[in-house]
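Right, one structure below, let's go through it.
Below, chain A is the first sequence line, B the second, and so on; all start at residue 1.
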Amino acid sequence: MIRFGLCCIFHSAPITFRRTTAKYLLSRPRGERLQRLSDICAHNAASLEAALRFCDAHGIGAFRINSQILPLKTHPEAGYEVQDLPGGHAIVKAFRRCGRLSRRLDIRTSFHPDQFILLNSPRPEVVERAMADLRYHAQVAAWVNADVITIHAGGAYGAKEDALARLSAAIALLPSDIKHRLTLENDDRMFTPRDLLPVCRAAGIPLVYDVHHHRCLPDGLSVRKATDAALSTWRREPLFHVSSPRFAWGTGPCGPHHDYIDPVDFPKEWCEHTVTVEIEAKNKELAVLKLIEDLASPDRR
DNA sequence: AGCGGTCAAGTTGAT
DNA sequence: ATCAACTTGACCGCT
């Protein structure tokens with residue numbers, strides 16, 4: 001019933017994703033720059049294939065792809081087009097191969113662009129950069145067969161309702177290849193499921209319900225009510241997030257994630273449905289495998 | 001070989 | 001006014 005998802009990287013399995021920094025890259029001559037980017041992108045395509053095969057071999061049904069799979073792709077100075085890299089064509093082919101593999105193995109893939117992607121900023125240049133980043137995500141998503149690109153609602157800028165109205169307006173203007181993959185996630189500081197559900201319904205965008213964020217920032221909805229409401233926003237298999245807090249309630253900040261998931265934190269309401277649940281835990285694949293085991297054992301909780 | 005400092009981006013809230 | 005937290009390692013560069 002439940003498809004468990006691994007987020008971005010591995011704890012123990014020898015599968016790594018390379019990155020680089022703009023500062024270092026821009027210190028190198030142009031030829032070397034493009035060669036290095038090519039090496040990294042080719043490595044990451046091969047690692048994505050290995051990641052999909054690992055998931056298949058271990059009963060993990062979903063994999064979140066790190067946004068830096070093509071590092072610095074949309075950077076204002078260090079950014080590039082993949083076809084301009086040495087061997088760029090082969091790199092795209094390798095990603096398309098991952099897409100076919102994900103279909104064949106039925107490993108669902110997703111993206112979760114980071115906190116700088118803000119569709120509701122009052123600053124037009126911030127929104128334009130966010131759009132450029134979403135265009136990049138949608139392009140790679142098409143290659144690798146990812147059906148979900150999850151973002152947060154953004155900032156409140158002192159007026160939540162206005163911020164949500166700007167978000168709705170920005171979503172309405174998105175090209176369809178972005179919009180039909182875009183999803184909104186409740187965060188742990190500002191926007192709750194109750195805030196986002198109307199936006200999701202009006203825009204036809206699914207809600208990625210993060211139950212840990214909801215526990216950090218409650219809104220009066222029970223887990224069951226939020227779950228049911230989130231489920232109703234999906235026209236395909238729903239996707240949720242779960243994590244356990246690093247610090248016990250009241251003994252530290254709510255945000256940081258634990259190494260593993262305490263099965264008690266996994267909403268029993270979710271078990272009645274066919275859903276994807278991405279596991280946000282520091283020990284990565286070890287945490288996913290342990291949770292699968294813990295939830296399968298009859299004497300849990 | 002090992003380790004410490006650094007890394008594109010925006011916003012919030014603690015100090 | 002300044003700066004860490006978000007996440008979170010990977011990688012460069014120095015010893």
| Say you pick atom C1' in B:dC7 and the same atom in C:dA5; how far apart are they, in whole Å? | 15 Å

### Task
Give A:Ala78 one of three labels, base, sugar-phosphate or nothing, depending on what nucleic acid heavy atoms sit under 4.0 Å from its own.
nothing

Atom NE2 of A:His241 and atom P of C:dT7 are separated, to the nearest Å, by 12 Å

Regarding the side chain of A:Val126, the nearest nucleotide among B:dT12, C:dT7, B:dG10 is B:dG10

Exercise. Are A:His152 and A:Met190 close enough, and set up right, to give a side-chain contact (heavy atoms from CB on, under 4.5 Å), and what steps lead you there?
Worked result: CA-CA 10 Å; A:His152 291 292; A:Met190 197 56 66; over 6 Å; no

With rounding to whole Å, what would you report as the distance between C:dC3 and B:dA9 at their P atoms?
15 Å

From NE2 of A:His75 across to P of B:dA8 the rounded distance in Å is 6 Å

Between CD of A:Gln68 and P of C:dG9 the distance, given in whole Å, is 13 Å

> Have A:His137 and A:Ser67 got a donor and an acceptor in their side chains that come within less than 3.5 Å?
Replying inline: yes

Quick one: is B:dA8 close enough that its OP1 or OP2 comes under 4.0 Å of any side-chain N or O from A:Arg129? no

A:Ile117 atom CD1 is separated from B:dG10 atom P, nearest whole Å, by 10 Å

- prompt: With a 3.5 Å cut-off and no angle check, do the side chains of A:Glu278 and A:Ser110 form a donor-acceptor pair?
  reply: yes

Problem - A:Thr20 side-chain N/O to C:dA10 phosphate OP1/OP2 under 4.0 Å - result: no

Applying the 3.5 Å cut-off to both distances, the Watson-Crick or G-U partner of B:dA1 turns out to be C:dT15

When rounded to whole Å, the CG to P distance for the pair A:Asp39 and C:dC12 reads 11 Å

For A:Phe116 and B:dG10, is the gap between ring centres under 5.5 Å while the planes differ by less than 30°?
no

From the candidates B:dG10, B:dA8, C:dT8, the one with an atom nearest any side-chain atom of A:Thr74 is B:dA8

Ranking B:dA8, B:dT11, C:dT7 by distance to the side chain of A:Leu118, first place goes to B:dT11

In whole angstroms, the gap separating P of B:dA9 from CG of A:Asp133 amounts to 13 Å

- Message: So A:Asp187, base contact, sugar-phosphate only, or nothing? Heavy-atom distance under 4.0 Å.
- Response: nothing

When rounded to whole Å, the CZ to P distance for the pair A:Arg64 and C:dT8 reads 8 Å

Ranking A:Arg189 and A:Lys282 by the position along DNA chain C of their nearest nucleotide, the one closer to 5' is A:Arg189

Paired to C:dT8 by Watson-Crick or G-U wobble criteria (both distances under 3.5 Å) is none

Can you see if the side chain of A:Arg36 gets near the phosphate of C:dC12 - specifically, an N or O under 4.0 Å from OP1 or OP2?
yes

Between A:Pro206 and A:Arg236, the two heavy atoms sitting closest are CG-NH1, 4.1 Å

Discussion item. If I pick the C1' atom on B:dA1 and the same atom on C:dT8, what distance separates them, to the nearest angstrom?
Written reply: 24 Å

Pair A:Ser102-A:Asn145, side-chain donor/acceptor within less than 3.5 Å
yes

> Looking just at side-chain N and O atoms, do A:Asn44 and A:Ser47 make a donor-acceptor pair shorter than 3.5 Å?
Replying inline: no

Quote, to the nearest angstrom, the C1' distance that separates B:dT11 from C:dG9. 23 Å

Closest non-hydrogen contact found for A:Ile2 with A:Cys271 is CD1-CA, 3.9 Å

Testing B:dA8, C:dC11, B:dT12 for proximity to the side chain of A:Arg18, the answer is C:dC11

Indicate whether OP1 or OP2 belonging to C:dC11 is found under 4.0 Å from a side-chain N or O atom of A:Tyr24.
no

Against the side chain of A:Thr21, the closest entry in B:dG10, B:dA8, C:dG13 is B:dA8

Separation of the P atoms in C:dT7 and B:dT6, to the nearest angstrom:
23 Å

Regarding A:Arg19, tell me which of base, sugar-phosphate or nothing describes its non-hydrogen contacts under 4.0 Å with the strands shown. base

Review point. So, is A:Lys284 near the phosphate of C:dT8, with a side-chain N or O under 4.0 Å from OP1 or OP2?
Key: yes

Pairing partner of B:dA9, by Watson-Crick or G-U wobble and under 3.5 Å for both distances, is none

In whole angstroms, the gap separating P of C:dC12 from CG of A:Leu72 amounts to 12 Å

Point to revise | Pairwise P distance for B:dA8 and C:dC12, with rounding to whole Å | key: 12 Å

